[in-house]
Number of protein chains: 2
Amino acid sequence: MMTNGSLERASFRHIKEEILRRVTQGEWGPGTLLPGEIELAVEFGCSRATVNRSLRELSEAGLLERRRKAGTRVRLTPLRQARFEIPLIREEIEAAGAAYRYTLLQRAVGPAPVAMRKLFHTRPRERLLHLLCRHDSDGAPYQLEDRWINLAALPQAGTADFSTLGPNEWLVRAVPYSQVEISFLAEAAGPAACEHLGYASGEPVFMTERTTWWEGQTLTHVRLAYRRGHRMTARY
Amino acid sequence: MMTNGSLERASFRHIKEEILRRVTQGEWGPGTLLPGEIELAVEFGCSRATVNRSLRELSEAGLLERRRKAGTRVRLTPLRQARFEIPLIREEIEAAGAAYRYTLLQRAVGPAPVAMRKLFHTRPRERLLHLLCRHDSDGAPYQLEDRWINLAALPQAGTADFSTLGPNEWLVRAVPYSQVEISFLAEAAGPAACEHLGYASGEPVFMTERTTWWEGQTLTHVRLAYRRGHRMTARY
DNA sequence: GAGTGGTCTAGACCACCCT
DNA sequence: GGGTGGTCTAGACCACTCA
């Protein structure tokens, strides 16, 4: 019945905030050993499970370090992690209040270059679908998409109509939950970026590369070139 | 006493895996309404709290969508999020098994350029510390660090010795827990990148920009230029 | 209004790992 | 060996939101 003494209800959120405050304001410096869960539960007038959730989440966020028997400590150097949300390109553009347009520039089916064959572990005879697409924001080129799709793993992609629906959206519907590796890098503008994004040859281009697997098979590999000045931003 | 019926102990991990399996293998397609927590608890032979933790974590990971009264659904388009760990540059290099070396190239205190004054909200008279440093991996230039530090907010930085300890490590110790905004971008190599990282003028450079606040004050702003070919990679 | 998830409690047992 | 966090349970009340 009696919960706290103060007006606030005991809650894992309040406890997280209070512990975060003590750490950021230096009350508990790097390396400090925190009181045990039972002790904190008494201090905050809540159950041990509530304290546990607070400390667990702060430890997942990289602020604290927990070990059985050793206790909970403030990390010496906080584990920094930035989380980037990867939206569908259409949603990204529309969220910015701009009009989205999609154009299929090229479509080809055939044997793959060596680099792609290695990535997809396909035999020389197997065919890949190669697509080149442009995504516009308010009529101006925004992103160029250079995609390879494994037709052995995704035969339906061979007959899908990519002239109106982008391959990314198609894939998300066909294979929604898959393993992904994503990279960010800088590259010199090649002929395609010059022609479709208006770059001068050799200009720096911000690029994303993504490879997608499902049940151990490589499904698709895509290289996304962004328009001049694009950046990926996150807070933490 | 009786827990499960099967040999496995009921655990939120097993439940997560099983639900993930049902979703990825298409048993529960996008938009599917999952059974309620109580129903799942009966199925898995565990308590509702255990089911709740499983579903909560899957929803935080972007796979599921939960609303009171409406229930738990498989997301139509999975919420994609990539998590990048941001290590100290020294740890990044040493983790790759290479030797780390740090060099302070320039140090200057003075009035700031307009762009920096805006960022730091300083008055014209206030001074900023400007540092240029290089981080080497196995003797080869790896990263160039161009940093501004707000001396009004961090007066100790004015007397710190940055000739042996990099400003990043110094800052992490002085102000461990702060707010950060980080961006990734591509830029043409300027004179500094050419001189210290061996770029040809105008070559594409992968860059990170980071601004750090603490208690509402802008503490520091840094631009990191990486050696040729660098990429940031994450899996999800 | 009623059904669902969100959270808290009190208690329990266990696994890990420091001393 | 013993103390700490890791997890589970059974029950409860609450808040949101859909019909």
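So that the names make sense, note that chain A is the first sequence line, chain B the second, and so on, each numbered from 1.
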Starting from P on D:dC8, measure out to CZ on B:F44 and report it in whole angstrom. 13 Å
What residues in residues 53-64 of chain B put a non-hydrogen atom under 4.0 Å from any atom of DNA chain C? none
B:P167 versus B:E145, closest heavy-atom pair with distance: CG-OE2, 3.2 Å
Any side-chain N or O of A:R66 less than 4.0 Å from the OP1 or OP2 oxygen of D:dG6? yes
Please give, in whole Å, the distance from D:dC8 C1' to B:K16 NZ? 16 Å
Return yes if a side-chain donor-acceptor contact under 3.5 Å exists between A:T220 and A:R147, otherwise no. yes
Which residue pairs pass the salt bridge (charged side-chain N to carboxylate O under 4.0 Å, His left out) test with at least one member in residues 217-226 of chain B, sequence neighbours excluded? B:E187-B:R223, B:E209-B:R223
We want to know whether B:Y100 and B:E94 form a side-chain donor-acceptor pair, criterion being a heavy-atom distance below 3.5 angstrom. no
Working to the nearest 0.5 angstrom, can you tell me the gap between A:R73 CZ and A:S59 OG? 14.5 Å
With ring centroids as reference points, do A:H135 and A:Y142 lie under 6.0 angstrom apart? no
Qualifying residues under ring-ring contact (aromatic ring centres under 6.0 Å, His included), relative to B:W170, sequence neighbours excluded: B:F162
Under 4.0 Å between a side-chain N or O of B:N52 and OP1 or OP2 of C:dT7? no
Please list residues of residues 27-35 of chain A whose heavy atoms come under 4.0 Å from any atom in DNA chain D, ordered by number; otherwise none. none
Show the distances under 3.5 angstrom between N or O atoms of the protein and N or O atoms of nucleotides 12-14 of chain D.
{"unit_1": "D:dA12", "atom_1": "N6", "unit_2": "B:R48", "atom_2": "NH1", "d": "3.0"}

Separation of B:E37 atom CD from D:dA15 atom C1', in whole Å? 14 Å
Could you check which residues of residues 70-81 of chain A get a heavy atom under 4.0 Å from DNA chain D? Sort them by number, please. A:G71, A:T72
Tell me yes or no: between the side chains of B:R66 and B:T72, is some donor less than 3.5 Å from an acceptor? yes
